[in-house]
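Structure record follows, encoded as structure tokens.
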Amino acid sequence: MSDRARDFMNDWLGNHVGALPAVERVAASVRLALRCRRDATAAGIPLQEIREAAGGDVIRKILQALTVASALQHQIAPEPEIPAMAEG
């Protein structure tokens, strides 16, 4: 893996990954992986190097980053609890 690919991947994740609800993360990781590959190609970085920088699986790497971003967001600002509605 090249330093250039690793730096690209780290910068790219920092600029494109944020907190998302769990139900949206898998679909978002697929969309983002396609975008990442396109951006890497435009930057002249071979896709094999991007795969290596991602540990072999770009989608999984992005999904992990989305999960971490969401966990950190939840620690900083937890989602408000919605009171249960009374049955009646």
Problem set entry | Sidechain-backbone polar pair: Arg25 side chain, Thr67 backbone, donor-acceptor under 3.5 Å | no
Problem set entry | Residue pair Leu66 / Leu32, side-chain heavy-atom distance below 4.5 Å | yes
Seminar exercise, completed: Shortest non-hydrogen pair, Val17 vs Ala69, comes out as CG1-CB, 4.2 Å
Exercise. Are any of the side-chain nitrogens in Arg6 or Asp3 under 4.0 Å away from the carboxylate oxygens of its partner?
Worked result: yes
For this session: Could I get the full list of side chain to side chain contact (heavy atoms under 4.5 Å, CB included) partners for Asp39, not counting sequence neighbours?
Result: Phe8, Trp12, His16, Arg35
Exercise. Are the side chain of Ser70 and the backbone N or O of Leu20 linked by a donor-acceptor pair below 3.5 Å?
Worked result: yes
Exercise. Quick one: does Ser29's side chain get under 4.5 Å of Lys61's, heavy atoms only?
Worked result: no
Exercise. Should Ile45 and Met9 count as side-chain neighbours, where that means a heavy-atom distance under 4.5 Å?
Worked result: no
Seminar exercise, completed: Between the CD atom in Gln64 and the CG atom in Asp57, the distance rounded to the nearest 0.5 Å is 8.5 Å
Problem set entry | Nearest atoms (heavy-atom pairs only) where Ala40 meets Ile50 | CB-CG1, 3.4 Å
Exercise. Which atom pair, heavy atoms only, marks the closest approach of Ile59 to Arg37?
Worked result: CG1-NH2, 4.4 Å
